[in-house]
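Just below is one structure, and these are the notes that go with it.
All chains are named by letter (A, B, ...) in the order of the sequence lines, taking the proteins before the strands, and each is independently numbered beginning at 1.
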There are 2 protein chains.
Amino acid sequence: MKPTIKEVAKKAAVSIATVSRALSNSGLVAEATRDRIRQIAEEIHYTPNVSARSLSTNRTDTIVLVLPDLFGEFFSEVIRGADQRAQQHNYHLLVSSSHNNKGDIESALHSMRGRVDGIVIMSPNIDAHTLESSLPKSLPVVLLNCSVDGERCDSINIDDSQGAYQVVRHLISHGHRRIAIIKGTPNNLDAEERLLGYRKAVSEGGGDISEELEVDGNFTELSGQEAVTKILGLNPRPTAIFASNDSMAIGAISALRKNGIQVPTEMAIAGFDDIPVAEYLRPSLTTARIAISELGAMAVETLVNAVKERNAHTKKQLVLQANLVVRESCGCSD
Amino acid sequence: MKPTIKEVAKKAAVSIATVSRALSNSGLVAEATRDRIRQIAEEIHYTPNVSARSLSTNRTDTIVLVLPDLFGEFFSEVIRGADQRAQQHNYHLLVSSSHNNKGDIESALHSMRGRVDGIVIMSPNIDAHTLESSLPKSLPVVLLNCSVDGERCDSINIDDSQGAYQVVRHLISHGHRRIAIIKGTPNNLDAEERLLGYRKAVSEGGGDISEELEVDGNFTELSGQEAVTKILGLNPRPTAIFASNDSMAIGAISALRKNGIQVPTEMAIAGFDDIPVAEYLRPSLTTARIAISELGAMAVETLVNAVKERNAHTKKQLVLQANLVVRESCGCSD
DNA sequence: CGCTTTCATGTAAACGTTTACATTCCCGTA
DNA sequence: TACGGGAATGTAAACGTTTACATGAAAGCG
């Protein structure tokens with residue numbers, strides 16, 4: 001059985017209050033007493049129970065990042081940024097997956113009460129109003145990639161529409177007029193806004209506007225591959241593809257190669273995100289770059305501030321801009 | 001302030017014990033009473049404090065995965081497998097980073113007492129004996145990619161040596177005799193064993209054995225690129241490269257391209273891991289495949305069993321085999 | 001020498017929840 | 001009608017730690 005503070009107190013012949021003060025440097029303890037207590041604690045491998053401690057102090061020095069998924073380069077980069085910034089603020093970062101469904105988000109939220117000081121939630125697939133009804137009232141929350149009205153918590157979103165618009169405009173500037181889009185997951189905020197940006201750019205640039213050019217995908221490489229099969233079957237065939245994220249662009253490039261179609265000379269392609277591997281592909285991928293890792297870092301920064309203000313601060317909504325990154329897959333050179 | 005069980009009890013005109021029984025379905029409660037309590041709990045947005053609950057029940061239904069880093073496709077895949085298996089067992093999975101240093105591992109371990117029921121630790125860079133001295137005695141732990149003597153906890157390792165051996169043997173079967181290796185991080189168990197496998201295959205296959213062919217890397221794409229600069233400067237120039245992981249192989253391929261060297265006709269290359277993007281590269285990457293996601297899943301399975309047995313079971317050491325996956329980058333066709 | 005202040009430590013309540021045990025009431029059976 | 005058993009609920013201790021307040025002793029100052 002794991003030793004408790006009582007065992008330390010007994011062996012050190014002091015009260016548990018003295019042990020607590022000695023180990024946490026809170027309040028006066030005679031130096032000789034403190035040294036004796038610390039030595040005994042180390043000898044019997046005592047570590048405080050953080051549940052008991054947080055019950056008592058009403059603090060955990062921990063925050064949690066709840067993501068739709070925990071894998072893939074995009075989420076990886078979000079976690080990287082969040083982890084680094086949490087470390088700088090001496091907060092312990094935990095990461096948890098909501099598996100992209102509302103029930104799991106609620107379950108994750110319910111399991112966090114008393115365990116963390118604040119929560120970052122990325123949840124582009126969940127309706128923000130139904131999400132808000134699940135949010136604990138006093139626990140600071142920062143929402144990522146959700147559409148909320150701003151009274152209840154801070155949020156950071158990506159200007160998806162503008163990023164998609166830039167990328168598609170660039171394809172148009174290459175002379176493309178028949179551009180397909182591989183869409184993201186249905187009911188996903190990012191996907192919806194990227195579609196809007198695509199439509200706006202195509203409309204303004206005199207490109208073909210057609211429902212058949214808007215091909216289903218779900219942000220995975222496999223769905224990018226499958227979309228290409230459909231795109232190649234369209235008549236007349238598109239000359240460029242905008243994939244709503246880089247993973248689908250990667251899958252699309254692979255499928256084009258398998259169909260003997262040369263990128264970018266026979267089909268131009270562009271993505272969205274700029275995940276790290278995008279620059280290593282051949283051809284390297286033109287894309288809308290989001291500072292993904294900075295998204296995670298800003299989320300943590302915002303949350304840590306909210307925790308310090310006991311969630312009483314004026315909530316704010318930030319928007320991250322996307323920047324066009326021109327590489328080879330649109331026809332430009334690296 | 002967040003409502004507690006006391007507020008629910010007061011509004012429902014029952015004791016806190018009745019509320020606890022009603023909400024957790026433990027013990028008899030009249031149906032009308034239970035319905036009234038649940039309605040009130042929902043109205044005032046009551047969620048139990050999990051710290052208090054775990055203090056009382058001595059259980060958390062949570063496990064944690066402590067990784068050297070939380071980003072990159074490899075760790076991503078480990079997390080994917082772990083998360084799926086944890087969900088199947090109705091355990092909540094948390095993920096935390098040790099930032100690949102002993103101090104942070106100890107800090108992570110100390111912050112988990114009373115918060116989780118068990119811990120998976122992947123720590124290839126830390127000497128296992130010093131790690132073991134930090135392990136809590138009664139908390140079940142599963143170690144990944146560490147070298148331990150097996151009395152204290154379960155472990156799952158990769159047969160790195162054998163995997164590297166297979167890959168390098170394959171390069172030798174293509175006629176290569178001057179094969180460079182891009183090594184992993186110093187003092188890393190995986191890196192060390194892959195180097196041993198490389199040496200054994202080269203030695204048995206009559207290849208060149210030379211310290212200059214063993215080039216430093218640290219598992220990142222950038223270090224793969226930098227290693228290529230050194231390798232191209234060797235005289236006579238190697239005809240093949242074995243990168244100790246796929247990320248460095250990706251970086252190496254990119255650098256070879258930039259130097260105008262065609263893979264595989266002018267330089268063959270192979271990696272280790274088989275991260276998901278490896279199949280989308282051009283040329284696609286020959287590699288030693290580890291069922292990375294299965295590593296995570298097995299770790300969780302082993303830990304959940306250890307928790308159930310209250311850590312009193314006979315500890316076991318499992319070894320995951322690597323399988324050669326032949327693609328284009330060695331000169332074979334897909 | 002006496003009084004005041006400060007140091008060092010102990011006591012006990014509190015944090016929020018669970019649950020063992022006790023109590024009361026109701027129902028069924030002889 | 002009486003007794004026994006079971007349902008329903010309340011009481012209070014426990015989980016492990018923190019910390020406000022109390023107490024005693026020692027040191028310093030007038």
| note | Atom NZ of B:K10 and atom P of C:dG16 are separated, to the nearest Å, by 13 Å
| task | Examine the side chains of A:Q39 and A:E43 and answer whether a donor and an acceptor come within less than 3.5 Å of each other. | result | yes
| message | From NE2 of B:H110 over to C1' of D:dT17, roughly how many Å is that when rounded to an integer? | response | 17 Å
| note | Rounded to whole Å, CG of A:N58 lies from C1' of C:dG16 at a distance of 11 Å
| Separation of D:dG16 P from B:N49 CG (nearest whole Å) | 16 Å
| query | Ion pair present between A:D104 and A:K102, side-chain N to carboxylate O less than 4.0 angstrom? | reply | no
| task | Grab the CD-P distance between A:E7 and D:dG16 for me, whole Å please. | result | 8 Å
| task | Establish, from distance only, whether the side-chain atoms of A:T62 and B:R115 form a donor-acceptor pair under 3.5 Å. | result | yes
| request: Can you tell me the distance, in whole Å, between the CZ atom of A:R115 and the P atom of C:dG16? | output: 17 Å
Polar atoms only, N or O, under 3.5 Å: list the protein pairs with nucleotides 9-15 of chain D and their distances.
residue : atom : partner : partner atom : Å
D:dT9   : OP1  : B:T33   : OG1          : 2.7
D:dT9   : OP2  : B:A30   : N            : 2.9
D:dG10  : OP2  : B:S15   : N            : 2.7
D:dG10  : OP2  : B:S15   : OG           : 3.0
D:dG10  : OP2  : B:T18   : OG1          : 2.6
D:dG10  : N7   : B:R21   : NH2          : 3.3
D:dG10  : O6   : B:R21   : NH1          : 3.4

| field | Salt bridge flag under 4.0 Å for residues B:E31 and B:R34 | value | no
| message | Could you tell me how far apart A:L23 (CG) and D:dT19 (P) are, to the nearest whole angstrom? | response | 13 Å
| request: Check whether any side-chain N or O of B:T60 sits under 3.5 Å from a backbone N or O of B:D117 as a donor-acceptor pair, and report yes or no. | output: yes
| Check: A:A52 main-chain N/O paired with A:S56 side-chain donor or acceptor under 3.5 Å | no
| note | Atom CZ of A:R59 and atom P of D:dT19 are separated, to the nearest Å, by 8 Å
